[in-house]
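Any value given below was found using the heavy atoms of this structure, including those in side chains, with hydrogens, waters and symmetry copies removed.
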Amino acid sequence: MPSADKKPKTLYDKVLDHHIVNEQEDGTLLIYIDRHLVHEVTSPQAFEGLKNASRKVRRPDCTLVTVDHNIPTSSRKSFKNVDNFIEEDDSRLQCSTLEQNVKDFGLTYFGMDDKRQGIVHIIGPEQGFTLPGTTVVCGDSHTSTHGAFGSLAFGIGTSEVEHVLATQTLITRRSKNMRIQVDGELHPGVTSKDVVLHIIGVIGTAGGTGAVIEFCGSVIRGLSMEARMSVCNMSIEAGARAGMIAPDEITFEYLKGRPLAPKYDSAEWKKAVNHWTSLASDDGAAYDKTVLLDAKDIIPTISWGTSPQDVIPINGVVPSPDDFEDESRKLACKRALEYMGLTSGVPMKEIPIDKVFIGSCTNARIEDLRAASKVVKGRKIASNVKRAMVVPGSGLVKQQAEAEGLDKIFEEAGFEWREAGCSMCLGMNPDILSPQERCASTSNRNFEGRQGAGGRTHLMSPAMAATAGIVGKLADVREHLVASPVLAKVQPKVDVQPEAEEPETEDELDRILDLPADNEPHTNTSGGGGSRTGLPKFTTLKGIAAPLDRSNVDTDAIIPKQFLKTIKRTGLGSALFYELRYKDGQENPEFILNQGIYRNSKILVVTGPNFGCGSSREHAPWALLDFGIKCIIAPSFADIFFNNTFKNGMLPVVISDEAALQKIAAEATAGREVEIDLVNQQVKDAQGNLLASFDVDAFRKHCLVNGLDDIGLTLQMEDKIRTFEGKRTLDTPWLDGSGYLKRGKRGGATRIEAAPVPKTNRGDVKNEPLEW
């Protein structure tokens with residue numbers, strides 16, 4: 001770990017610097033990953049890659065696995081196993097494949113028969129697996145949630161999931177520092193969800209692109225940990241790589257007694273808190289961008305369109321395209337109103353709803369359920385509401401809510417009380433909207449088709465969603481529950497689980513650890529060594545370029561979620577832009593990729609900004625690549641999608657100059673070939689004339705031109721990784737796996753040294769260039 005210098009540092013800089021294994025002269029970093037969360041959707045291809053290369057999971061003790069996206073949230077009273085319980089073939093295959101991979105690689109797994117199972121971003125903090133100052137990754141964009149603890153947490157694609165499993169590291173570069181400061185006093189009825197929706201409305205869905213956002217100010221400091229998680233969760237919707245909040249006494253109080261946190265009041269706990277306290281940004285630390293907001297300007301906020309930036313106060317009216325000066329925003333507004341079935345000028349409070357969804361990794365914690373129950377207690381859902389669902393974020397949240405009687409409050413009001421899972425947030429499971437159904441939702445995205453094909457989503461807080469369910473329309477919670485102490489001000493109250501009891505018998509230990517049976521591997525027995533063949537070399541690409549005049553093309557538009565239920569990387573080309581390419585089961589002749597020569601496009605020219613926003617799913621570049629597109633040209637890209645394309649041997653080209661972009665688009669519109677010369681970093685027309693030059697990261701260019709495999713490159717750094725791990729064990733021993741993740745030799749729940757953790761002396765890690 002590099003020694004700290006005297007220059008004032010931000011929270012992000014401090015955490016990042018603590019995790020640098022190697023830094024090259026061009027700024028490329030190899031960073032160590034402390035915590036890896038794994039679920040069923042983005043992991044099967046990663047495990048397959050490990051098996052094909054005869055590689056093992058480097059740190060099983062730093063890896064935690066669960067199922068959440070695909071699983072039904074119906075009653076599990078009859079649950080015996082995944083194969084018998086999950087009816088949908090593809091969902092069942094993904095879940096059963098994950099269970100087999102867990103056994104093959106000896107990983108800790110919270111399955112559907114375990115009360116600790118739940119949404120991956122809820123169980124991490126709940127178990128104390130998420131700790132301040134750590135690096136946390138998962139194949140899911142909303143990994144930013146964990147930044148509420150002062151961790152550097154971000155979503156990764158499947159190729160990077162494989163990279164972390166094999167090396168416990170990632171290749172990355174520094175992000176910009178962005179500060180969003182919210183000061184003042186929140187109005188009654190305003191919650192953290194309103195705060196973050198307001199923020200996104202101010203800065204836009206690309207406002208944080210290329211940056212890590214640090215949220216600060218008196219409003220943020222006054223939030224509970226659960227409320228802070230909601231804010232950081234949606235930082236990805238503002239385009240940021242991650243969101244962070246400095247840890248403080250509220251953080252430490254939350255972690256007391258968590259099973260995987262250091263034991264409270266022990267010497268290790270005190271050492272950990274001392275380290276965590278040092279992570280706050282220094283006075284005088286520099287930020288690339290600062291946004292200052294006043295709490296008095298925030299009232300209950302909801303979305304009206306098909307992007308998280310399409311938000312408005314509940315007392316507002318549906319906007320008009322003429323309300324926007326930017327032409328792309330005018331066009332996006334027109335499309336959104338058509339999709340949402342809304343008319344400009346109509347008061348938001350006059351819009352009736354069909355369904356209510358309270359859940360998701362944004363708002364399915366106990367605090368969220370308490371706030372919603374306060375609204376519905378003693379009332380009934382409106383007659384026009386077809387269905388109202390409450391989906392706890394984990395089995396433990398469900399258990400606590402039932403102990404408080406919240407389930408009865410919801411059921412008596414007409415809400416369904418469900419089992420833990422992602423549920424209707426993304427509609428990969430049976431919980432979906434029908435076409436044109438309108439939903440008051442506590443989830444994080446309102447993309448077209450996000451909750452079901454043709455479904456219309458309005459984002460809001462749990463209290464607002466509950467109010468909409470009671471009223472039958474989008475409604476202002478302040479008019480129906482003003483005096484609630486839960487809503488009047490977000491309090492720093494936390495729910496602390498009791499101290500974990502020491503298991504007394506081997507059977508009890510097995511139940512707690514949820515490890516494979518004794519006749520199955522307890523550790524990863526997969527062989528090491530071997531290598532992959534790498535990627536095809538990318539030097540030049542010449543072919544038909546298809547023009548696409550759209551802004552904020554999200555990953556759900558690139559490939560809808562119903563096509564994510566696959567355990568392979570291939571075969572997704574037919575699903576590319578499915579909702580745009582097909583209407584009523586027939587090809588849409590108006591969509592460019594269905595027209596003549598564009599059916600064989602190798603290059604996509606996008607004239608609108610922020611291409612690939614949304615999920616971290618690598619299925620989006622897989623679908624493009626399977627269709628035949630190896631290069632995307634656009635004025636800007638969402639960070640995670642941009643990174644994922646390189647991992648698949650594809651090239652995203654940023655052309656921010658509007659005139660140059662239009663020249664390229666004109667060639668595409670005319671049906672002429674375009675040439676991408678990566679070696680010289682130029683875009684040319686069919687005759688070889690220069691259309692534009694572009695920049696590309698030197699390391700990524702080197703990998704593309706030479707077809708290099710990131711994992712193979714990283715394994716050349718084995719000595720440095722081992723040295724880093726040895727120092728990490730000495731400096732932060734609480735980050736090595738605890739007894740809950742690994743069996744003790746005598747059956748006790750004691751921390752173990754997980755292979756490969758070398759026994760090395762203290763010493764600085766030398767920053768030597770990575771050799772090819």
Identify, with sequence neighbours excluded, every residue that meets side chain to side chain donor-acceptor pair (under 3.5 Å) alongside D584. none
Looking at T158 and V161, would you say the former's side chain and the latter's main chain have a donor-acceptor pair under 3.5 Å? no
Can you name the nearest heavy-atom pair linking I86 to C95, along with the distance? CD1-SG, 3.7 Å
If you define the side chain from C-beta out and look only at heavy atoms, does anything of F611 sit under 4.5 Å from S636? no
Closest approach of F357 and S423, non-hydrogen atoms and distance? CE1-OG, 3.6 Å
Who passes side chain to side chain contact (heavy atoms under 4.5 Å, CB included) against E437, sequence neighbours left out? D354, K355, K386, L433, S434
Less than 3.5 Å apart, any donor N or O on the side chain of Q399 or R116 sitting next to an acceptor on the other? no
List for me each residue that meets ring-ring contact (aromatic ring centres under 6.0 Å, His included) alongside Y578, sequence neighbours excluded, and say none if there are none. F563, Y582
Those residues that, when tested against D68, pass side chain to side chain donor-acceptor pair (under 3.5 Å) (two or more places apart): none
Kindly write out the residues that satisfy side chain to side chain contact (heavy atoms under 4.5 Å, CB included) with D639, not counting sequence neighbours, or none if the list is empty. T209, R241
Is it the case that the side chains of T566 and D90 hold a donor-acceptor pair, with the cut-off being a distance below 3.5 Å and no angle test? no
Quick one: does V212's side chain get under 4.5 Å of M244's, heavy atoms only? yes
Tell me, please, which residues at least two apart from K561 pass salt bridge (charged side-chain N to carboxylate O under 4.0 Å, His left out). none
Can you confirm whether F79 sits close enough to M112 that some side-chain heavy atom of one is under 4.5 Å from a side-chain heavy atom of the other? yes
Between H146 and S151, is any side-chain donor less than 3.5 angstrom from a side-chain acceptor? no
Mind listing the closest non-hydrogen atom pair of S443 and T457 along with its distance? OG-CG2, 4.4 Å
Note, L624 side chain near M650 side chain (heavy atom, < 4.5 Å): yes
With sequence neighbours left out, write down each residue that passes salt bridge (charged side-chain N to carboxylate O under 4.0 Å, His left out) with E419, or none if nothing qualifies. K398
Could you pull out all residues at least two apart from R329 that satisfy salt bridge (charged side-chain N to carboxylate O under 4.0 Å, His left out)? D310
Looking at K647, I want to see if its NZ is surrounded by more than 12 non-hydrogen atoms of other residues, nucleotides or ligands under 6.0 Å. yes
Can the positive tip of R35 be found less than 6.0 Å from the middle of the six-membered ring of F129, inside 45° of the ring normal? yes
If I compare all heavy atoms of G414 with all of I381, which pair ends up nearest, and what's the gap? O-CD1, 3.6 Å
Taking the side chain from N444 and the backbone from T362, do they hold a donor-acceptor pair closer than 3.5 Å? no
Heavy atoms from other residues, nucleotides or ligands near CD of E338 exceed 12 (cutoff 6.0 Å): yes
Whether F642 and F637 hold their rings parallel, tilted or perpendicular, with breakpoints at 30° and 60°: tilted
Taking the side chain as every heavy atom from C-beta outward, state whether F154 and S616 have any pair of such atoms under 4.5 Å apart. no
Residues at least two apart in sequence or cross-chain that pass salt bridge (charged side-chain N to carboxylate O under 4.0 Å, His left out) with E416, listed by chain then number, are R387, R418
Between D368 and A364 (side chain of the first, backbone of the second, donor and acceptor by atom type, cut-off under 3.5 Å), is there such a pair? yes
With sequence neighbours excluded, what pairs up with N81 under the side chain to side chain donor-acceptor pair (under 3.5 Å) test? N84
Full working for side chain to side chain donor-acceptor pair (under 3.5 Å) between E618 and T42: CA-CA 8 Å; E618 204 161 318; T42 55; over 6 Å; no
Please, which pairs that meet salt bridge (charged side-chain N to carboxylate O under 4.0 Å, His left out) have at least one residue in residues 439-452, sequence neighbours excluded? E237-R445, R450-D556
Using the side chain to side chain donor-acceptor pair (under 3.5 Å) criterion, which residues pair with K565? Sequence neighbours excluded. S91
For S394 against E126, the heavy-atom pair lying closest together: OG-OE2, 2.8 Å
